[in-house]
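Worksheet for the structure shown next.
Everything quoted here is computed from the prediction, not taken from an experiment.
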Amino acid sequence: MNTAVEAAASYRRDSIARVQATPVYVDCSLDIGPVSKPARLSGLVLEIETADGLLGHGFTAITDEEIVAAALNEVVAPNLLGKDAMAREHIAEALYWLLSPRGQTGYASHAISAVDIALWDIAGKRLGQPVWRLLGGARPAVTTYTTFGFGVLDRDELAETARHLAGLGHRRLKMVVGQHALARRDEPRPLDAVIAEDERRIRAVREAVGAEVELYIDANCSLDAFHALRLAQRVADCDIGFFEEPLRGNDVQRLADFRRQAPMPVAAGQNEGQLFRYRDMLAAGALDILQPNVCIGGGYSAGVKAAALAQAHGIAIDNGGAFPFHNMHLHAGLANGGLVEWHLVSVSMCHQLFRNLPERNVDQLVLPVQPGLGYELDVDAVREIGKRPASRGKGKG
């Protein structure tokens with residue numbers, strides 16, 4: 001068979017034949033030692049199938065799942081059918097112009113992320129390699145940090161769970177601060193009261209775990225510059241490893257100002273959906289750690305580019321925004337890969353959607369050697385969960 005005929009046969013085999021998005025709103029659990037709390041998270045599972053039946057699955061979350069599902073099923077799917085599943089860069093560019101024609105981000109980056117992850121899963125399965133090896137194969141295991149300190153835990157429970165995790169050998173812990181402060185300020189819930197309680201919670205955790213445990217805090221973009229800096233200054237003696245997303249909207253200039261004054265490293269980037277946003281944060285000197293998330297910011301194709309920008313600026317990268325089983329591939333694949341977030345609620349969610357997920361050994365996660373993502377979609381579970389009512393904006397965590 002000549003080369004042209006082989007290429008044509010390969011194209012027909014890799015032609016996209018089916019695209020199906022399923023919104024999911026998942027009942028999760030936060031179980032840490034004696035403390036157990038219910039939780040719910042929304043997400044979206046995407047299936048892309050080639051003409052010869054090879055199935056790739058993509059995923060996105062921290063969004064309104066029913067809106068992204070509609071975008072994928074009604075707009076993206078008709079424009080993907082017949083395209084070459086191996087042509088990831090071509091498809092990413094086409095989806096940019098389809099969904100973000102004038103630079104918008106929002107839901108578009110979630111839809112593009114799900115597609116790109118599914119296409120990399122297909123590529124790995126077609127080539128018989130796990131995604132992390134296709135991305136570069138820098139290391140066979142990644143180091144994790146544990147996100148445990150959610151607002152649902154009161155101060156005593158927070159200290160108890162932190163002490164329990166430290167006793168099990170966890171040496172990197174992250175807790176939430178801010179607690180949707182700006183969004184909830186008219187309840188009324190004064191911001192000075194919020195950060196005063198945050199200080200008490202941070203000190204309770206530091207006292208519970210001692211000086212040997214690295215402690216990170218995350219405001220999820222819920223504070224203004226004044227209150228974020230006040231909180232940072234008030235806990236300066238608590239040896240905070242990084243302050244993640246302190247400011248509303250990741251405002252680049254305010255974030256750069258904040259970093260110059262804050263007594264701890266600053267991290268952000270998990271919710272960005274355009275490459276120029278990473279560029280602007282890095283060029284402005286706004287960050288110590290860039291946090292691209294493949295489930296939100298455009299998949300692996302965009303994550304590799306964001307990581308290259310960070311490397312060119314001499315800035316570290318870590319995973320922020322949860323979902324370690326997808327993000328581990330980026331950080332294992334690239335030489336400048338960093339920490340992967342073991343977000344306890346998102347891990348609970350993933351165990352209900354996927355089969356054969358890798359197990360973590362305290363703070364080490366060994367990458368799978370199976371092709372593609374290295375684990376499989378639980379199709380029956382996804383179909384069943386997809387029948388349940390949608391989150392209606394309540395599932396972002």
Side-chain angles (χ1 to χ4, degrees), residues 3-21 44-60 68-137 272-279 292-309 326 329-330 333-334 371-373:
T3 302
V5 174
E6 289 175 344
S10 176
Y11 175 80
R12 287 193 297 270
R13 179 189 64 183
D14 292 323
S15 175
I16 294 174
R18 182 174 70 90
V19 178
Q20 181 178 347
L44 177 137
V45 175
L46 180 68
E47 299 167 63
I48 296 181
E49 188 172 357
T50 64
D52 67 346
L54 191 61
L55 179 65
H57 53 87
F59 181 78
T60 189
V68 181
L72 284 162
N73 288 328
E74 302 301 326
V75 178
V76 173
N79 287 279
L80 285 186
L81 296 177
K83 288 189 177 292
D84 182 357
M86 300 295 280
R88 296 179 297 279
E89 191 73 4
H90 168 78
I91 289 174
E93 182 71 359
L95 292 181
Y96 169 82
W97 291 108
L98 180 68
L99 300 175
S100 305
R102 295 178 180 139
Q104 305 98 322
T105 56
Y107 296 110
S109 67
H110 291 270
I112 293 169
S113 298
V115 171
D116 190 75
I117 290 170
L119 295 179
W120 277 93
D121 189 29
I122 287 172
K125 290 172 179 174
R126 181 69 76 200
L127 300 172
Q129 293 290 329
V131 169
W132 65 274
R133 283 187 180 162
L134 296 183
L135 291 171
E272 300 302 333
Q274 295 284 7
L275 201 60
F276 72 82
R277 287 280 296 168
Y278 298 119
R279 178 206 65 199
N293 188 310
V294 301
C295 297
I296 301 171
Y300 299 111
S301 296
V304 167
K305 296 171 185 177
L309 281 173
H326 298 87
H329 286 278
L330 184 72
L334 303 181
L373 292 174

Passing candidate, side chain to side chain contact (heavy atoms under 4.5 Å, CB included) with V68, options T60, N73, L46, V76: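 The option that passes is T60.
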
Please round to the nearest 0.5 Å and tell me the distance separating atom [atom1] of [X] and atom [atom2] of [Y].
{"X": "D121", "Y": "H329", "atom1": "CG", "atom2": "NE2", "result": "8.0 Å"}
{"X": "I91", "Y": "M86", "atom1": "CD1", "atom2": "CE", "result": "10.5 Å"}
{"X": "D84", "Y": "R13", "atom1": "CG", "atom2": "CZ", "result": "9.5 Å"}
{"X": "R279", "Y": "L309", "atom1": "CZ", "atom2": "CG", "result": "9.0 Å"}
{"X": "I16", "Y": "I48", "atom1": "CD1", "atom2": "CD1", "result": "5.0 Å"}
{"X": "H110", "Y": "L44", "atom1": "NE2", "atom2": "CG", "result": "10.5 Å"}

Identify all side-chain donor-acceptor contacts of residues 92-101 below 3.5 Å with residues at least two apart in sequence or on another chain.
from	atom 1	to	atom 2	distance (Å)
E93	OE2	W97	NE1	3.0
S100	OG	Q104	O	3.2

Would you indicate whether the side-chain heavy atoms of [Y] and [X] approach each other to under 4.5 Å?
{"X": "L127", "Y": "P371", "answer": "no"}
{"X": "V115", "Y": "L72", "answer": "yes"}
{"X": "D52", "Y": "R126", "answer": "yes"}

Minimum heavy-atom separation for [X] and [Y], please, with both atom names.
{"X": "S113", "Y": "G299", "value": "OG-N, 3.5 Å"}
{"X": "S301", "Y": "D116", "value": "OG-OD1, 2.6 Å"}
{"X": "L275", "Y": "A306", "value": "CD1-N, 3.8 Å"}
{"X": "Q129", "Y": "L134", "value": "CB-CD2, 3.8 Å"}
{"X": "A307", "Y": "L334", "value": "CB-CD1, 3.4 Å"}
{"X": "Y300", "Y": "L330", "value": "CE2-N, 4.1 Å"}

Check: [X] side chain, [Y] main-chain N or O, donor-acceptor pair, under 3.5 Å:
{"X": "K125", "Y": "L55", "result": "yes"}
{"X": "D14", "Y": "A85", "result": "no"}
{"X": "S109", "Y": "I296", "result": "yes"}

For E47 and E49, run side-chain contact (heavy atoms from CB on, under 4.5 Å): C-alpha distance rounded to whole Å, both residues' side-chain angles, the deciding distance at 0.1 Å, then the answer. CA-CA 6 Å; E47 299 167 63; E49 188 172 357; over 6 Å; no

